[in-house]
Every structure is written in C-alpha cells, then in structure tokens.
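See below for the structure under consideration.
Bear in mind the structure is a predicted one, so any value in this text is a computation, not a measurement. Below, chains carry the letters A, B, ... as their sequence lines are ordered, and counting in each starts from 1.
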There are 2 protein chains.
Amino acid sequence: MSDPVRARSNGRRRKEARPSELAEAALGLFVEKGYAATRLDEVAARAGVSKGTLYLYFDSKESLFKAVITMGIDPVMARGESMFEELRDDPVALLRALLAGWWELVGATELAGIPKLMIAEARNFPELARFYHEEVISRGRALVAGALELGIERGLIRRVDVPSAVQVLMAPLLMLSVWRTSFAVCDADACRPEKYLPTYFDLILNGLLVRPGAGELP
Amino acid sequence: MSDPVRARSNGRRRKEARPSELAEAALGLFVEKGYAATRLDEVAARAGVSKGTLYLYFDSKESLFKAVITMGIDPVMARGESMFEELRDDPVALLRALLAGWWELVGATELAGIPKLMIAEARNFPELARFYHEEVISRGRALVAGALELGIERGLIRRVDVPSAVQVLMAPLLMLSVWRTSFAVCDADACRPEKYLPTYFDLILNGLLVRPGAGELP
DNA sequence: CAATAATGACTGACCAGTCAGTTATTATAG
DNA sequence: CTATAATAACTGACTGGTCAGTCATTATTG
C-alpha cells in the first residue's frame with residue numbers, strides 16, 4: 001500500500017485521522033449525555049461525517065465506546081511511571097508530582113470526562129470495567145501506593161493504611177474532574193482548580209507528613 | 001369518602017404504598033443501568049406491577065426520575081441540622097458527626113446511589129440539577145462549612161479556605177458511595193468502609209486539627 | 001477507469017406512553 | 001345474607017416515534 005501516513009489535513013480523504021476524530025466527538029457526547037442517550041448520527045455530525053462513515057471505522061456503538069475509553073491511557077501511564085523513577089529519592093515530591101501530574105494530564109484535559117463515563121457505565125460493560133480496573137485504576141494506584149511506601153520507609157510519611165489512603169488521596173481529584181463534567185453549570189464556583197488544588201494539597205500533606213506532636217482524635 | 005388510609009398490606013390493592021415501591025425499584029435500576037437504559041417495564045416488574053400501573057402514579061419517566069431524586073432528602077437534612085445544634089460547642093466532634101452521619105444515613109443506605117445518578121444525569125436535567133444543587137448540595141455544604149468555621153473561630157481547626165476545604169472533605173465520602181455503585185464488582189476491596197473510613201478520618205483530621213509544629217510543604 | 005472513501009435512505013427492533021378491558025372491593029338493593 | 005351495581009386498582013396489547021446498523025449509490029483520487 002502506498003504511503004498510508006500522509007494525512008492531507010484539508011483534503012476530504014482523511015482515513016488516518018477519522019478514528020480519533022470520531023472517538024473525540026464520541027467522548028464529548030458520551031460525557032455530556034451518557035452512553036445510551038447519545039445518537040450515533042450526532043457523533044458523526046460532530047466529527048463532520050455521516051453515520052455510514054462511522055461504521056467504516058467502528059463495528060458498533062459498543063466498540064466505539066471501548067475505543068473512547070482506551071484512548072489516551074498509555075501516554076498518561078508512561079508519564080506516571082517515568083516520574084516514579086525520576087523522583088524516587090524524594091517521596092513527598094514524588095507524591096505531589098504524581099497527583100499534580102494526574103491533574104495536568106487528565107483532570108485538566110478532555111480525558112477528564114473518562115472517569116465520569118466509566119463510573120456511569122461500569123455495570124453496563126463489566127468486561128470493559130475489568131479491563132479499565134486492571135490497566136488504569138490498579139496501575140495508577142500502584143504508583144501512588146509506591147510513593148507512600150517509600151515515604152513511610154524513610155520516615156517522611158505517617159504509617160497509614162496504604163491501600164485505603166491511596167483511595168482517600170485520589171478521591172478529591174477524581175471528584176473535581178467528575179464535578180466539572182456534571183454540575184459545572186449550576187456550580188461553577190466548585191470547579192475552580194486554582195482554589196481547590198492548593199487546599200487539597202495542604203489538607204492532604206499536613207495529614208500525611210510526619211510531624212512531632214500529631215494528636216489523636218478527641 | 002370512607003377512610004382512604006387503610007392500606008390492607010397483603011391484599012392486591014395498595015394505593016398508598018405503590019409510589020414509594022415504584023420509586024425504590026426505579027432508583028435501583030437507574031443506578032444500575034442509567035436513566036436512559038432503564039425500561040419502565042422493568043421498573044414496574046421489579047415493583048411487582050405492570051407498566052400501566054406505573055402510569056397511574058407517575059406522569060412520565062421523567063417525573064418518576066424526579067420523584068426518585070427528591071425522595072428521602074428531607075429526613076437527611078433535618079438530621080444534619082439537628083446535629084448541628086446539638087454539637088455546636090464541640091466543632092471537631094460536630095464535623096466528625098456530620099461526616100459520619102452522612103455515611104450512615106446516605107452512604108450506607110439505598111440513597112447512596114443518588115449521587116452517582118445525579119452526577120450522571122445533571123446535564124440531561126438542568127432544572128433538576130439546579131434544584132438538587134440548591135436543596136441538597138448547598139445545604140449540606142453549609143453544615144460542614146459551619147462546623148469548620150466554628151472550629152477555626154475557637155482555634156481548633158487550621159485557617160483553611162473553607163469552601164474548597166468542604167469539597168475536599170466531602171469528596172472521599174462521595175467517591176466511596178459512587179464507587180460502591182459502579183466498580184464494586186471488580187473492585188470489592190476498595191469498597192470496605194470499615195477500612196476506608198478510619199483512614200479517611202485520620203488523614204482528614206490530622207490535616208485539619210491545629211497542632212504545634214505544623215510544617216509547610218518542602 | 002479502477003479503487004477507495006463517504007453518503008444517507010432504509011429497516012427492523014425496541015420502548016414510552018395509551019387505553020379498552022379485567023379483576024377485586026365496597027356499597028346498595030332485594 | 002345473597003345478588004347486583006358502582007367504583008377503584010390494575011393489566012397488557014397496541015401505537016407511533018426513535019435509532020443502531022445496513023447497503024446500494026455517489027464522490028474523489030491516482
């Protein structure tokens with residue numbers, strides 16, 4: 001086949017670009033309206049093609065959905081894993097970098113809709129949920145857990161229960177990205193990361209960092 | 001009319017009980033499959049009646065949805081507001097009581113599905129989202145914010161940005177209840193409140209309680 | 001003029017909402 | 001205490017619209 005990587009950007013034939021254009025359009029609509037309520041005609045229209053074209057690149061609505069979820073996972077994971085190696089001698093900075101990096105690479109991008117979408121549809125697509133759990137959630141948690149464990153080893157972080165602490169730590173970030181894709185319209189104030197993130201890091205770190213007179217509950 | 005409040009419990013005619021039975025069945029299915037993917041035939045079947053009966057009590061699928069969301073709000077709010085009055089002289093205990101109370105009254109009950117449902121459908125039902133935001137979210141936040149402010153006034157809680165701290169504090173609880181209604185099957189470990197909640201309170205409080213040598217980030 | 005890309009009218013299944021009819025309960029009459 | 005009428009609760013077959021998925025046709029390109 002003659003050079004398939006040409007992608008003339010303004011010509012009509014854009015075989016190479018179509019799948020990701022369609023997946024991006026689908027992500028937006030799935031996040032906005034939900035999987036079941038999204039019309040494939042609308043997805044195609046948003047991507048500037050007809051429904052027939054969509055079926056040239058995806059077998060079914062379900063396979064489009066799977067592509068939407070799968071897309072963009074690898075670069076994020078790779079970035080996290082490289083951070084881990086770079087910062088393993090400063091576990092607290094590593095932890096901050098992982099959480100802030102998640103926000104930059106996911107929370108602040110188009111990908112932020114994926115958590116909401118996956119949460120909404122996990123029970124309708126159990127196999128996909130299992131895939132996502134193994135390839136994204138578990139791997140992400142392992143990174144944060146690793147940072148906590150390094151910090152605990154070196155006496156920088158208090159001896160917390162690591163698995164549940166990881167969840168507690170991720171929850172505010174996930175929730176913020178979920179919120180921005182749902183209640184943003186009637187609750188714009190709640191969706192200001194520049195206000196939320198510093199408070200988040202402050203609360204989280206001052207609970208995690210080992211300090212002399214850490215008190216118990218009254 | 002002769003006594004309409006009789007409600008023979010096992011006879012076939014149960015006019016009084018039907019709406020809540022239907023709403024409960026609908027909540028379960030909406031949370032499980034999503035609003036759009038839920039069939040009214042299925043809701044009716046789960047409530048042990050036919051679809052025709054459902055339409056005796058609700059005008060439309062949408063009004064059923066609204067009833068599902070509205071149901072059970074008032075008792076929860078009332079409980080929160082009474083807690084506030086009872087415990088206003090011990091703000092830290094008040095904060096714990098509000099958060100733990102939310103878990104007991106919402107997180108650990110059928111109502112736990114409502115956050116997920118509202119998040120998934122907020123953009124499809126903007127008026128309902130606004131209602132929910134005003135009547136539930138804002139009022140709930142006001143309670144937690146009040147507890148924080150009392151604690152700050154009395155020097156028991158650090159001077160954090162209250163609005164964003166409230167969100168950060170609620171996020172792990174909301175996330176846990178959302179998780180239990182979505183990824184529970186493939187991630188049962190993550191859904192153990194007996195493990196998660198103590199870690200949550202530990203992390204949260206040790207970040208909030210004023211302590212002598214509270215350090216800044218490195 | 002191939003070969004490949006794209007189209008949009010079409011179809012068959014599905015489902016929200018309706019309504020004429022059925023069954024149970026209560027009231028009234030004989 | 002039947003028999004009959006009146007009412008209230010409920011049913012499920014039906015309809016009209018919607019939408020995922022198909023395919024014969026048209027457009028574009030080399």
Side-chain angles (χ1 to χ4, degrees), chain A residues 1-27 29-30 32-68 121 124-125 128, chain B residues 1-27 29-30 32-68 121 124-125 128:
Chain A
M1 301 151 204
S2 62
D3 187 4
V5 198
R6 111 203 56 98
R8 320 163 113 283
S9 61
N10 52 351
R12 294 254 338 278
R13 307 307 175 76
R14 323 215 293 105
K15 194 183 177 191
E16 321 304 325
R18 292 281 185 241
S20 60
E21 287 169 357
L22 284 160
E24 199 170 332
L27 172 59
L29 286 162
F30 287 159
E32 195 176 315
K33 320 172 68 139
Y35 173 78
T38 295
R39 318 286 148 228
L40 292 187
D41 276 307
E42 215 174 343
V43 172
R46 183 175 288 200
V49 298
S50 70
K51 190 167 61 165
T53 299
L54 193 158
Y55 276 90
L56 293 177
Y57 300 101
F58 298 95
D59 290 345
S60 63
K61 191 179 185 182
E62 184 168 340
S63 78
L64 172 62
F65 180 64
K66 288 175 181 166
V68 163
E121 301 297 340
N124 291 328
F125 300 94
L128 182 61
Chain B
M1 300 150 201
S2 62
D3 189 4
V5 197
R6 107 204 59 95
R8 321 165 112 280
S9 63
N10 53 350
R12 297 249 340 279
R13 311 305 172 78
R14 323 214 295 106
K15 192 183 180 190
E16 322 303 327
R18 292 283 184 238
S20 59
E21 287 169 354
L22 285 161
E24 198 169 334
L27 172 59
L29 286 162
F30 287 158
E32 196 176 314
K33 322 172 67 137
Y35 173 80
T38 295
R39 317 287 145 226
L40 292 187
D41 277 306
E42 216 175 343
V43 172
R46 185 175 287 200
V49 299
S50 70
K51 190 167 60 164
T53 299
L54 193 158
Y55 276 90
L56 293 176
Y57 299 102
F58 299 95
D59 290 344
S60 62
K61 192 179 184 181
E62 184 168 339
S63 78
L64 172 63
F65 180 64
K66 288 175 180 164
V68 163
E121 302 297 340
N124 291 327
F125 300 94
L128 182 62

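- Distance check: A:L40 CG to A:S50 OG gives 11.5 Å after rounding to the nearest 0.5 Å.
- For B:A25, the side chain to side chain contact (heavy atoms under 4.5 Å, CB included) partners at least two apart in sequence or on another chain are B:V43, B:R46, B:A47.
- Residue pairs meeting the salt bridge (Lys or Arg N to Asp or Glu O under 4.0 Å) criterion with at least one member in residues 48-57 of chain B, sequence neighbours excluded, are B:D41-B:K51.
- Taking atom CG of B:L64 as the reference point, atom P of C:dC15 lies 16 Å away to the nearest angstrom.
- When rounded to the nearest whole Å, the span between CG of B:L22 and C1' of D:dT11 equals 14 Å.
- At whole-Å resolution of the value, CZ in B:R18 and P in C:dA24 are 14 Å apart.
- In this model, the phosphate group of D:dT11 is approached by a side-chain N or O of B:T53 to a distance below 4.0 Å at OP1 or OP2.
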Checklist entry - What string of B, S and - do you get for nucleotides 20-25 of chain D 5' to 3' if you count protein non-hydrogen atoms under 4.0 Å? => result BBB---

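- Checked against ring-ring contact (aromatic ring centres under 6.0 Å, His included), B:Y57 has no partners two or more places apart in sequence or in another chain.
- Counting only residues at least two apart or in different chains, salt bridge (Lys or Arg N to Asp or Glu O under 4.0 Å) contacts with residues 56-65 of chain B comprise B:E62-B:K66.
- Between the C1' atom of C:dA6 and the CD atom of A:E21 lies a distance of 14 Å, rounded to the nearest Å.
- Counting any heavy atom pair closer than 4.0 Å across all strands shown, B:Y57 reaches sugar-phosphate atoms only and no base atom.
- What separates CG of B:L56 from P of C:dG17 is a distance of 14 Å, to the nearest Å.
- With sequence neighbours excluded, the residues satisfying side chain to side chain contact (heavy atoms under 4.5 Å, CB included) with B:A37 are A:A36, B:K33, B:R39.
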